[in-house]
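Note sheet for the following structure.
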Amino acid sequence: MAERQLQEPARLVLTALADEPRHGYAILQEVLAITEGRTRMLTGTLYTALDRLLQQGLIRIADEEVVAGRLRRSFELTEQGRLTLTEETQRLRAGVAEAERRLALGAPRPRPTLRTNWGTA
């Protein structure tokens with residue numbers, strides 16, 4: 001089991017890499033698609049997350065190429081990264097199920113009418 005839950009940027013990066021390797025800009029675009037435009041990850045946030053995920057062994061460099069004089073790296077999940085994302089998905093699913101259960105228990109019920117005898121003798 002994962003030692004602790006993933007921070008959102010790391011979870012989004014792992015999700016973006018779950019189906020195929022991607023380079024940085026493609027990851028940013030995939031995060032936009034995954035979140036339906038609600039999360040626009042900054043470049044600094046992306047590369048901080050990539051560095052951390054590389055150090056943790058959750059992703060690896062799949063390919064390097066020079067494009068327009070700049071090094072472009074593609075990243076992919078490792079088996080540990082796939083396992084970690086699977087565990088995180090299960091953890092989130094369990095949290096959602098519990099929230100739904102509690103919401104169903106606490107569904108609005110008709111409130112009883114309060115009767116007061118104020119102003120009567």
Side-chain angles (χ1 to χ4, degrees):
M1 192 77 174
E3 292 180 18
R4 61 186 182 104
Q5 71 185 37
L6 293 172
Q7 294 178 355
E8 185 178 33
R11 182 176 44 79
L12 289 170
V13 169
L14 292 178
T15 301
L17 295 174
D19 58 342
E20 64 183 60
R22 289 187 166 82
H23 57 79
Y25 181 75
I27 294 170
L28 293 174
Q29 294 305 303
E30 197 63 21
V31 166
L32 272 175
I34 290 165
T35 64
E36 298 177 338
R38 290 184 305 272
T39 301
R40 185 175 302 275
M41 188 178 287
L42 299 174
T43 305
T45 302
L46 171 64
Y47 284 98
T48 298
L50 288 171
D51 287 343
R52 188 176 315 114
L53 293 168
L54 280 165
Q55 289 174 0
Q56 294 171 341
L58 302 180
I59 64 172
R60 66 178 158 247
I61 297 169
D63 188 41
E64 293 181 323
E65 62 181 327
V66 177
V67 177
R70 297 184 66 187
L71 180 64
R72 180 164 73 175
R73 290 180 173 166
S74 294
F75 303 89
E76 64 185 358
L77 289 183
T78 61
E79 286 305 312
Q80 184 60 45
R82 190 166 298 284
L83 177 62
T84 297
L85 182 59
T86 299
E87 290 172 348
E88 180 70 0
T89 301
Q90 292 168 349
R91 186 191 68 77
L92 292 169
R93 188 176 290 124
V96 167
E98 181 62 15
E100 288 173 337
R101 185 186 74 77
R102 289 175 183 235
L103 283 168
L105 291 174
R109 298 178 185 95
R111 291 183 173 212
T113 305
L114 293 177
R115 297 179 192 241
T116 62
N117 292 329
W118 293 8
T120 60

Just grab all the side-chain hydrogen bond (donor to acceptor under 3.5 Å, both in side chains) pairs involving residues 41-55, residues at least two apart or on different chains. none
Students should find that the hydrophobic cluster of V66, defined by side-chain heavy atoms under 4.5 Å apart, otherwise consists of none
Spacing of CG belonging to L6 relative to CG belonging to L53, to within rounding of 0.5 Å: 7.5 Å
Between R22 and L17, the two heavy atoms sitting closest are N-CD2, 3.6 Å
Rounded to the nearest 0.5 Å, what separates atom OG1 in T35 from atom CD in E30? 10.0 Å
Can you list, pair by pair, the side-chain donor-acceptor contacts under 3.5 Å of residues 56-63, counting residues two or more places apart and other chains?
| from | atom 1 | to | atom 2 | distance (Å) |
| --- | --- | --- | --- | --- |
| R60 | NE | E76 | OE2 | 2.8 |

Kindly compute the distance separating CG (L77) from CD (E20), expressed to the nearest 0.5 Å. 11.5 Å
NE2 (H23) and CZ (F75) are apart, to the nearest 0.5 Å, by 11.0 Å
Hydrophobic cluster partners of L32 (side-chain heavy atoms under 4.5 Å): none
Of L28, I34, L46, the one forming a side-chain contact (heavy atoms from CB on, under 4.5 Å) with L12 is I34
Would you check if I27 and L50 make a side-chain contact, meaning some heavy-atom pair closer than 4.5 Å? yes
Spatial distance of atom OG1 (T84) from atom CZ (R91) [nearest 0.5 Å]: 12.0 Å
In terms of heavy-atom contacts, does CZ of R38 have more than 12 from other residues, nucleotides or ligands at under 6.0 Å? yes
Going by the rule side chain to side chain contact (heavy atoms under 4.5 Å, CB included), which residues pair with T86 if we only count those two or more places apart in sequence or in a different chain? Q90
Between R11 (side chain) and E88 (backbone), is there a donor-acceptor pair under 3.5 Å? no
Residues 98-108, side-chain donor-acceptor partners within the protein, below 3.5 Å, at least two apart:
| from | atom 1 | to | atom 2 | distance (Å) |
| --- | --- | --- | --- | --- |
| E98 | OE1 | R101 | NE | 3.1 |
| E98 | OE2 | R101 | NH2 | 2.7 |
| E98 | OE2 | R102 | NE | 2.5 |
| E98 | OE2 | R102 | NH2 | 3.3 |

